[in-house]
Amino acid sequence: MTILFIVLKLEEIITGIYLMHPSKDLSSLQEFYGNTFSNHEKITDLSNYELIKYLQQQFNHQENSIPFSDKVAGKKAFDLLLSEYTETMKDGIEAKNLQLVRDGIADQLTVAHFLAFKIDGLHNVVSEEPLSKNSTFEEYRAQTEVAFNKLQASFYGDDAEIANLDLARYIQVVGNVPQNSNIDIDYDLLSVTFSSLTKICEDKVVADQTLQAYADKGYDVHIESVPSGFAIFTSSDFEIKVKNSDNTERTEVVPKGKFLKSIYKLDPFFKPIQCGADW
């Protein structure tokens, strides 16, 4: 009787672990990303912050390299988050495009953790404040908007500790996807990270081809060696036109030092889900 109880308890624990970590079924990612997955497989066991820290290090980004008081450099970093936030809300939720929503959520988390990694005065903090659940994407959008606006105000303020708490809260809110949406945030973030790693040019031939492709578009770019190959970086700040889902355009600033994708970069792989949440 005791042995049976132990066996049943072990099955319950194992099942519980699997349910908490459904993204550990990585066979689809392994197949989709091929050599990139094999070359960076160790990242599959990292926390979300450590995952993005690893990603940034692959592009020669230095930890704590922007002082919190440097609002000029800080704005360039924050504008990346603003872009991803806007894209998620406008191109994703307003257009009711689940693929763009999933991509935008993962991108927001990537940039939010990038801010914690890059800016001296911010660091990895997990918010433990109570958070009400969302049942629709509209509720999710409204909750995210409040958190984003609060973070934006404190980010340009003078108190790094408050900004860091607001950043942690924002990360928590972005991860608070609607109930029954069946979005696996950890899996999607991992896939987006592998996709970002395919931005790296595996050899100089690919790097030269990619450099020429951007130069032909008028981009000011250059090549740098990185830990696993070569990468294309912007050499100055410049503006680009980005199309919205309704065919209108918005202007975005591409900051100096931003890495750009290889011409052979792979888009994120999102496994199919049955979304049960209302918009």
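Positions are given from 1 along the sequence. These numbers were taken from a predicted model, which means no experiment stands behind them.
Surrounding CD of Glu249 are more than 12 heavy atoms belonging to other residues, nucleotides or ligands, all under 6.0 Å away. Within a 6.0 Å radius of NZ in Lys71, other residues, nucleotides and ligands contribute more than 12 heavy atoms. Asp203 CG: more than 12 foreign heavy atoms inside a 6.0 Å radius. Counting non-hydrogen atoms of other residues, nucleotides and ligands closer than 6.0 Å to CD of Gln209 gives a total above 12. Around NZ of Lys261, the count of heavy atoms belonging to other residues, nucleotides or ligands within 6.0 Å does not exceed 12.
Looking at every heavy atom in both residues, Ile66 comes nearest to Gly74 through CG2-N, 4.1 Å. Nearest heavy-atom pair, Val226 versus Gln58, reported as atom, atom and distance to 0.1 Å: CB-O, 3.1 Å. Taking both residues in full, the closest heavy atoms of Asp158 and Phe68 are given as C-CE2, 3.9 Å, listed atom of the first, atom of the second, then distance. Scanning both residues, Lys265 and Ser195, for their nearest heavy atoms gives CE-OG, 3.1 Å. Asp120 and Asn64 get closest at one heavy-atom pair: CB-O, 3.6 Å.
A donor and an acceptor atom, one from each side chain of Gln274 and Asn182, are nowhere located under 3.5 Å apart. Inspection of the Glu87 and Ser83 side chains reveals no N or O donor paired with an N or O acceptor under 3.5 Å. Side chains of Asp91 and Asn97: no donor on one and acceptor on the other come within 3.5 Å. Inspection of the Asn176 and Gln172 side chains reveals no N or O donor paired with an N or O acceptor under 3.5 Å. At a cut-off of 3.5 Å, with distance as the only test, no side-chain donor of Asp278 or Thr136 sits close to an acceptor on the other residue.
Residues Val111 and Leu82 share a hydrophobic cluster, clusters being chains of Ile/Leu/Val/Met/Phe/Trp/Tyr side chains in contact below 4.5 Å. By the criterion of side-chain heavy atoms lying less than 4.5 angstrom apart, applied directly or through intervening Ile, Leu, Val, Met, Phe, Trp or Tyr residues, Leu29 is grouped together with Ile185 in one hydrophobic cluster. A single hydrophobic cluster is not seen to contain both Val173 and Phe148; linkage of ILVMFWY side chains at heavy-atom distances under 4.5 Å, directly or through other members, places them apart. If you chain together hydrophobic residues whose side chains sit under 4.5 Å apart, Ile119 and Leu80 fall into the same group. A continuous path of hydrophobic side-chain contacts links Ile43 to Leu26 [ILVMFWY only; heavy atoms under 4.5 Å].
Under the 3.5 Å distance criterion, the side-chain polar atoms of Asn60 are matched with a main-chain donor or acceptor of Ser225. Not one N or O on the side chain of Ser154 forms a donor-acceptor pair closer than 3.5 Å with the backbone of Gly157. Panel note: side chain Asp103, backbone Gln99; no donor-acceptor pair is recorded below 3.5 Å. Although no hydrogens or angles enter the test, the distance criterion places a donor-acceptor pair under 3.5 Å between the side chain of Thr198 and the main chain of Leu266. Under a 3.5 Å cut-off, the side chain of Ser181 and the backbone N or O of Cys275 do not form any donor-acceptor pair. Panel note: side chain Ser127, backbone Ala168; no donor-acceptor pair is recorded below 3.5 Å.
The pair Asp237-Lys256 does not meet the salt-bridge criterion, since no charged nitrogen lies less than 4.0 angstrom from a carboxylate oxygen.
Tested against His61 for a side chain to side chain donor-acceptor pair (under 3.5 Å), the candidates Lys53, Lys118, Gln56 yield a single pass: Gln56. Tested against Phe78 for a ring-ring contact (aromatic ring centres under 6.0 Å, His included), the candidates Phe114, Tyr85, Tyr156 yield a single pass: Tyr156. Only one option out of Ile52, Asp107, Asp184, Ile105 pairs with Leu189 in a side-chain contact (heavy atoms from CB on, under 4.5 Å); it is Ile52. For the pairing with Phe32, the ring-ring contact (aromatic ring centres under 6.0 Å, His included) check across Phe269, Phe37, Phe194 returns one residue only, Phe269. Considering Asp186, Leu190, Thr193 in turn, Leu190 is the only one that fulfils the side-chain contact (heavy atoms from CB on, under 4.5 Å) rule with Thr44.
Here the side chains of Lys150 and Val146 are not in contact, with every heavy-atom distance at 4.5 Å or above. Annotation: side chain of Arg102 is in contact with side chain of Ile273 (closest heavy-atom distance under 4.5 Å). When side chains are defined from C-beta on, Asn134 does not count as touching Gln179, because their heavy atoms never get closer than 4.5 Å.
Here Tyr33 and His40 keep their ring centres 6.0 angstrom or further from each other.
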Criterion side chain to side chain donor-acceptor pair (under 3.5 Å) on Glu139 and Ser135, from CA distance to verdict: CA-CA 7 Å; Glu139 289 177 359; Ser135 59; 3.1 Å; yes
Would you check, one step at a time, whether the test side chain to side chain donor-acceptor pair (under 3.5 Å) holds for Asp208 with Gln212? CA-CA 6 Å; Asp208 287 337; Gln212 189 60 52; over 6 Å; no
Under the criterion side-chain contact (heavy atoms from CB on, under 4.5 Å), I'd like the reasoning laid out for Tyr170 against Leu81: C-alpha separation, chi angles, the key distance, then a yes or no. CA-CA 11 Å; Tyr170 177 74; Leu81 183 62; 3.8 Å; yes
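Grouping Ile, Leu, Val, Met, Phe, Trp and Tyr residues whose side-chain heavy atoms lie under 4.5 Å apart, directly or via other members, places Val192 in a hydrophobic cluster with Phe270. In this structure, Val205 shares a hydrophobic cluster with no other residue, the cluster being traced through Ile, Leu, Val, Met, Phe, Trp and Tyr side chains under 4.5 angstrom apart. Ile263 belongs to a hydrophobic cluster with Val206, Tyr264, counting contacts under 4.5 Å between side-chain heavy atoms of Ile, Leu, Val, Met, Phe, Trp and Tyr, direct or through other members.
Using cut-offs of 30° and 60° for the angle between ring planes, the Phe59 and Phe259 rings count as parallel. The aromatic rings of Tyr140 and Phe137 sit perpendicular to each other, their planes meeting at more than 60°, with 30° as the lower class boundary.
By the 6.0 Å and 45° rule, Lys271 stacks over the aromatic ring of Tyr187.
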